[in-house]
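In the text below, chain A, chain B and the rest are named by the order of the sequence lines, each starting its count at 1.
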Amino acid sequence: MHEGTIPVAELPGGFDMQATVESGQTYLWDRADGGMFEDDHAWGSDAWYHTVLPATLIDIDEPQVIRARQRDGHVEWNASTPEAPAYLTHLLRLDDNLDAIVDDCPDLPLLERAFAEYRGMRLVRDPPFPCLVSFICSAQMRVERIHGMCTRLAQQYGDAVSFGGDTYFAFPTPAQLADATETDLRDLSLGYRAPYVQRTAEMVATREADPAHARDLDYEAAREYLTQFVGVGDKVADCVLLFSLDFLEAVPLDTWIQTAIEEYYPDCDGDNYADTSRKIRRQFGDRYAGYAQTYVFFYLRTGGE
DNA sequence: TATCCAAGGTAAGTT
DNA sequence: AACTTACCTTGGATA
């Protein structure tokens, strides 16, 4: 067992662990106390969270378990690898200068309120394939249930990893999910998303396409590239670009943001997805529009207005 | 107790 | 290219 702490004071712009992993950007973390995504708990929790880093992401033999919590100005961690601080930095974007990002965003009242409410929340940098699958599952679904689907997929198809006397499950690899049948996946309550997940996993497993390849393309071409996966339209593609592939300008146009656009930025209501996307990106600032989107999404979803 | 509805959309079929 | 409709599942609201 390796362990240590990371002082939050050394992270420009601070950090809010709970807001970062429970804001609906990622479904790949879990809470040790089982309260993940419960809407009635107080914010500012110091609960332990954990995730399993896929072996493929770092090219090692075994998936690695990373546990972390935020308390008394530190991120405390313990993990199966001494490299945990570097992985936490990668997964939770601790390398972002949050102060500079917030300064770069335009002075919009709604945005100011969202930043004020959850200052310290960072975007995540999920591994590409798990991110792709989790957002295929997100279609017409509530956050608690998306998380449940991902948990069941890991328990059913992922590699078991023992750490600290407990058993954790890595997110399944493309090959592991490609071998599942539609019926198997429907039994995990994926509903009509079941064949989408199976066929997309097959595309990645056979190297027909690779979500990580989108990283090499320009933003709109990258979004187009990702829509070749089954179950992936513009919205899910934008989620993968923003929450996994470092396209901080991507603005997923989900129902919450659509409503926000109608209410707060009617001029940005365009003729189609691409048109609205360009307009809201201009409104939120070309470089970090995705950061602005995520703060606004979480702020509205938790009752702000 | 039964019915209805919406939840971070997408694919397939029609104009 | 723009517009409709069907699609799994489930918890909570409504009758």
Side-chain angles (χ1 to χ4, degrees), chain A residues 19-29 36-40 114 118 121 123-124 126 130-153 156 180-203 209 211 220 223-244 247 250-264 269-278 280 284 289-304:
Chain A
T20 300
V21 299
E22 293 200 54
S23 49
Q25 311 173 51
T26 176
Y27 300 96
L28 306 177
W29 289 78
M36 198 74 179
F37 292 122
E38 280 180 7
D39 51 4
D40 58 345
Y118 291 115
M121 178 174 76
L123 289 186
V124 297
D126 278 347
C131 183
L132 180 65
V133 172
S134 59
F135 279 94
I136 288 173
C137 290
S138 78
Q140 293 289 101
M141 204 41 66
R142 299 169 199 275
V143 290
E144 315 83 55
R145 296 203 51 217
I146 303 165
H147 185 256
M149 291 180 189
C150 293
T151 300
R152 289 191 292 277
L153 284 174
Q156 192 74 37
T181 66
E182 175 180 337
T183 308
D184 293 338
L185 297 178
R186 281 180 185 268
D187 287 344
L188 299 183
S189 297
L190 265 66
Y192 61 79
R193 305 154 196 82
Y196 300 167
V197 167
Q198 192 280 328
R199 291 183 58 193
T200 287
E202 204 164 52
M203 290 173 73
E220 292 200 2
R223 191 173 64 199
E224 182 67 23
Y225 178 83
L226 290 180
T227 60
Q228 74 181 290
F229 292 106
V230 184
V232 179
D234 288 327
K235 188 270 176 185
V236 169
D238 267 333
C239 287
V240 176
L241 293 177
L242 181 61
F243 301 135
S244 177
F247 286 84
V251 179
L253 298 180
D254 56 66
T255 53
W256 291 91
I257 292 299
Q258 302 271 20
T259 303
I261 288 173
E262 287 169 25
E263 261 187 63
Y264 296 90
D269 200 355
D271 298 331
N272 52 52
Y273 191 99
D275 185 35
T276 303
S277 172
R278 290 186 200 109
I280 195 65
F284 280 171
Y291 247 103
Q293 182 272 358
T294 302
Y295 270 88
V296 167
F297 168 83
F298 189 43
Y299 178 68
L300 294 175
R301 201 169 66 71
T302 52

Practice problem: Provide the Watson-Crick or G-U wobble partner of C:dC8, both distances under 3.5 Å; none if there is no partner. | Solution: none
Residue [X], side-chain heavy atoms: nucleotide from [options] that is nearest:
X        : options              : result
A:Arg142 : C:dA2, B:dA6, B:dG9  : B:dA6
A:Met141 : C:dC7, B:dA11, C:dT9 : C:dT9
A:Lys235 : B:dG9, B:dA7, C:dC8  : B:dG9

Do the side-chain N or O atoms of [X] get closer than 4.0 angstrom to the phosphate oxygens (OP1, OP2) of [N]?
X        : N      : result
A:Arg186 : C:dC8  : yes
A:Gln140 : B:dG9  : yes
A:Ser189 : C:dT10 : yes

Practice problem: Considering non-hydrogen atoms only, spot the tightest contact between A:Leu253 and A:Ser277 and give its length. | Solution: CD1-N, 3.9 Å
Quiz item: Start at the 5' end of DNA chain B and walk down; is the nucleotide closest to A:Asp254 or to A:Val232 reached first?
Solution: A:Asp254
Self-check item: Identified ring pair (Phe, Tyr, Trp, His ring centres under 6.0 Å) partner of A:Phe135 from the options A:Phe243, A:Tyr196, A:Phe229
Solution: A:Phe243
[X] [atom1] to [N] [atom2], straight-line distance once rounded to whole Å:
X        : N      : atom1 : atom2 : answer
A:Asn272 : B:dT10 : CG    : C1'   : 16 Å
A:Ile136 : B:dG9  : CD1   : C1'   : 12 Å
A:Met149 : B:dA7  : CE    : P     : 15 Å
A:Ile146 : B:dT10 : CD1   : P     : 12 Å
A:Tyr196 : C:dT9  : OH    : P     : 13 Å
A:His147 : B:dA7  : NE2   : C1'   : 17 Å
A:Leu190 : C:dT9  : CG    : C1'   : 10 Å
A:Tyr192 : B:dG9  : OH    : P     : 8 Å

Quiz item: Do the non-hydrogen side-chain atoms of A:Arg301 and A:Val143 ever get within less than 4.5 Å of each other?
Solution: yes
Exercise. Return yes if the base of C:dC8 and the side-chain atoms of A:Arg193 contain a donor-acceptor N/O pair under 3.5 Å, otherwise no.
Key: yes
Quiz prompt | Side chain A:Tyr273 and base B:dG9 donor-acceptor under 3.5 Å | solution = no
Which is true for [X] with a 4.0 Å heavy-atom rule: it touches a base, it touches only sugar-phosphate, or it touches nothing?
X        : value
A:Thr259 : nothing
A:Phe135 : nothing
A:Gln293 : base
A:Gln25  : base
A:Val143 : base

Quiz item: Quantified in whole Å, what is the P atom distance between nucleotide C:dA6 and nucleotide B:dC4?
Solution: 16 Å
Quiz item: When the P atoms of B:dG13 and C:dC8 are considered, how many whole Å apart are they?
Solution: 14 Å
Quiz item: Can you list the steps and then say if A:Arg199 with A:Glu182 is a salt bridge (Lys or Arg N to Asp or Glu O under 4.0 Å)?
Solution: CA-CA 9 Å; A:Arg199 291 183 58 193; A:Glu182 175 180 337; over 6 Å; no
Quiz item: Do other residues, nucleotides or ligands put more than 12 heavy atoms under 6.0 Å from A:Arg152 CZ?
Solution: yes
Quiz item: Should the pair A:Trp256 and A:Phe297 be assigned to parallel (<30°), tilted (30 to 60°) or perpendicular (>60°) ring geometry?
Solution: perpendicular
